[in-house]
> 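Structure provided below as structure tokens; questions to follow.
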Amino acid sequence: MRPTPALVAGGRMVTSFLSATEWMLPSPATQVHTISVLPSRRDFAFSNLTMLLRNSGGNEGESGSTKFHVVRDDLLHPLANGNKARKLDALLPILRRCGVTDIVTCGGCQSAHAAAIAVHCAEWGIRPHILLRGEQLDVPTGYNLISLMFGNVTYVSRSLYAQRDEMLYEHAIKVAGYSGTVMWADEVIGKGLGVDEDTTDGNGSRRVMIVKEGAGSVQALLGVMRLLKYLSGLTLFRKDEKVHIVVDSGTGTTAVGLALGAVCLGLQWRVTAVMLADTLEGYKQRERSLLSDFEKVFPEIYHGMVEDATHDNLVQWVERFSPRRFGKVLDGEIAMCRQVAQQTGILLDPMYTLAAWEQAVDICCGDSEAKVLMIHTGGTLGLFGLAQRYSSQFNTGEQP
């Protein structure tokens, strides 16, 4: 099925819009690795064919084995990468144009979102203030350590964290002081993009912006759409080729951005998102909310590109193969991450990216006619925190 003329025209509009947008990341480019899936006695074995294909001129058809591709967004930045960086790609430039001096946000003790805010704000000359749930760790590791090094961290009790909007606002008021102002990122974005460059008060007062946990705003969708535009231009994917994208989902924002970008760019790409932190109805509600907000902020892009019939099924939401309470790691999953790392050089974490990897393997080993493309959403620094919680599963090295 070819894209309609309206979608083709809409794709050109989106391309022009993305080209004119100011971004945090200097380029949308990312590495794409090709993984071969081989049957073995224990289930599957894997092999990274990327260097082999590069040296042989990129001829994928020579080996004949089952394959899928991995978008290595975990390599975007040494400390704050993956979908966290993509979500901030369009957001931080907007906030800086608003004259923002400080950003207040929150997250769990090992929050990748909080660490990304801390790192990228520091890079852009904005003071990050991070509220972390729980008590300070005796030995900070992983994302907790990154937040402490780059941001101004305050630990809050779980009971206080339950009222997080009120908690964020009260802390932002303290940061702003008597003469400062406090804004919510969603409200600023909803007023449009026409913000003057010179928006400071001229008296040195603080402008404090509150970014909600996960940074799941309309602006976050644009960074993900920019990634999709880049991927669609690679020689790996022929024009009008069917592609099946697989991604793990915490808030669901990345999955919606990928699916929305595919529709707006007129691509025959579908998105399967593995649900990790909410119910099916919760994710569908999140999808509807993001699409509604996108329509309000970018009506000229939205209308004529996303038909009403797609509102409830833009993303295919699926359960993880072994459902569990969010944050729980099952026996054997750390060992699987180790196997993948040793056989492919790709580091997964058992909470997020392993779920997408398992789904991608299942799809490409089925009867899928489309190329399977897994988005590596980062999160590998979270392994340092998991190594403290599940130390026995990491202490399996060979004895000399």
Side-chain angles (χ1 to χ4, degrees), residues 21-22 24 83-108 111-118 120-122 124-133 147 151-154 156 160-201 205-224 250-254 256-257 285-299:
T21 299
E22 182 183 4
M24 178 188 76
N83 64 337
K84 307 306 179 186
R86 297 292 180 185
K87 289 179 181 180
L88 298 176
D89 200 8
L91 178 62
L92 275 191
I94 287 292
L95 300 188
R96 189 171 69 168
R97 286 171 56 196
C98 292
V100 170
T101 61
D102 301 76
I103 287 181
V104 174
T105 192
C106 64
S111 170
H113 158 74
I117 288 282
H120 290 300
C121 281
W124 278 60
I126 301 173
R127 290 183 288 263
H129 304 267
I130 313 297
L131 302 179
L132 295 182
R133 181 183 67 245
S147 296
N152 302 292
V153 172
T154 300
V156 297
L160 180 60
Y161 197 88
Q163 306 295 326
R164 66 194 66 178
D165 282 2
E166 181 179 349
M167 173 193 72
L168 286 168
Y169 184 74
E170 290 181 354
H171 193 80
I173 290 292
K174 293 179 182 178
V175 172
Y178 178 75
S179 60
T181 57
V182 173
M183 302 165 282
W184 292 84
D186 291 345
E187 294 176 359
V188 172
I189 294 168
K191 294 177 182 177
L193 301 180
V195 184
D196 294 332
E197 290 289 344
D198 186 11
T199 55
T200 57
D201 294 332
S205 63
R206 290 187 168 187
R207 286 186 168 227
V208 182
M209 188 69 67
I210 301 173
V211 176
K212 291 184 178 182
E213 184 175 8
S217 67
V218 171
Q219 210 68 20
L221 300 175
L222 297 183
V224 181
T251 65
T253 305
T254 300
V256 174
Q285 178 57 41
R286 180 64 177 157
E287 179 181 339
R288 288 191 291 267
S289 176
L290 283 170
L291 290 176
S292 176
D293 291 344
F294 188 86
E295 180 182 13
K296 294 174 184 176
V297 179
F298 306 111

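Keep in mind that the numbers below use all heavy atoms, side chains included, and drop hydrogens, waters and symmetry copies.
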> Please say which of L95, V182, I126, T181 ends up in a side-chain contact (heavy atoms from CB on, under 4.5 Å) with R207.
T181

> Testing the basics here: between A172 and V208, what is the closest heavy-atom pair and its distance to 0.1 Å?
CB-CG1, 3.8 Å

> Kindly indicate, with the supporting measurements, whether the criterion side chain to side chain contact (heavy atoms under 4.5 Å, CB included) is fulfilled by K212 and W184.
CA-CA 8 Å; K212 291 184 178 182; W184 292 84; 3.9 Å; yes

> How many angstroms lie between CE in M209 and NE2 in H129, if you round to the nearest 0.5 Å?
13.0 Å

> Restricting to non-hydrogen atoms, name the atom on T254 and the atom on V224 that form the minimum distance, rounded to 0.1 Å.
O-CG1, 3.5 Å

> Not counting sequence neighbours, which residues clear salt bridge (Lys or Arg N to Asp or Glu O under 4.0 Å) with R286? List them please.
none

> For a quick test of reading the model, state the closest non-hydrogen atom pair linking L221 to T253 and the distance between them.
CD2-O, 3.6 Å

> Name all residues meeting the salt bridge (Lys or Arg N to Asp or Glu O under 4.0 Å) criterion together with R127; count only those two or more places apart in sequence or in a different chain, and write none if there are none.
D102

> State, yes or no, whether a side-chain contact exists between F294 and L222 at a heavy-atom distance under 4.5 Å.
yes

> Any pair with a residue in residues 160-173 that passes side chain to side chain donor-acceptor pair (under 3.5 Å), sequence neighbours left out, goes on the list, sorted by first then second residue, please.
Y161-E213, R164-E213

> Checking N152 side chain against P128 main chain: does a donor-acceptor pair fall under 3.5 Å?
yes

> Does T101 use its side chain to pair, donor to acceptor, with the backbone of R206 at less than 3.5 Å?
no

> Ignoring hydrogens, what is the shortest heavy-atom contact between A215 and A220? Give both atom names and the distance.
O-CB, 3.3 Å

> Could you walk me through whether R96 and E22 pass the side chain to side chain contact (heavy atoms under 4.5 Å, CB included) test, one step at a time?
CA-CA 11 Å; R96 189 171 69 168; E22 182 183 4; 3.7 Å; yes

> Report the residues that fulfil side chain to side chain donor-acceptor pair (under 3.5 Å) with S147, sequence neighbours left out, ordered by chain and then residue number.
none

> As a quick check of understanding, evaluate side chain to side chain contact (heavy atoms under 4.5 Å, CB included) for M167 and V156, giving each step before the final call.
CA-CA 9 Å; M167 173 193 72; V156 297; 3.7 Å; yes

> Distance-only check: which donor-acceptor pairs under 3.5 Å involve side-chain atoms of residues 85-93, not counting sequence neighbours?
unit_1	atom_1	unit_2	atom_2	d
R86	NE	D73	OD2	2.8
R86	NH1	P28	O	3.4
R86	NH2	P28	O	3.2
R86	NH2	D73	OD1	2.9
K87	NZ	G214	O	3.2
K87	NZ	T251	OG1	3.3
D89	OD1	M24	N	3.0
D89	OD1	L25	N	2.8
D89	OD1	R226	NH1	3.4
D89	OD2	R226	NH1	2.8

> Among I173, V211, L131, which residue satisfies the side-chain contact (heavy atoms from CB on, under 4.5 Å) criterion with L168?
L131

> State the CZ-CG distance between R288 and D293, to the nearest 0.5 angstrom.
13.0 Å

> Could you pull out all donor-acceptor pairs under 3.5 Å where a side-chain atom in residues 111-118 meets a protein atom, sequence neighbours excluded?
unit_1	atom_1	unit_2	atom_2	d
S111	OG	H113	N	3.3
S111	OG	A114	N	3.0
H113	NE2	T105	OG1	2.7

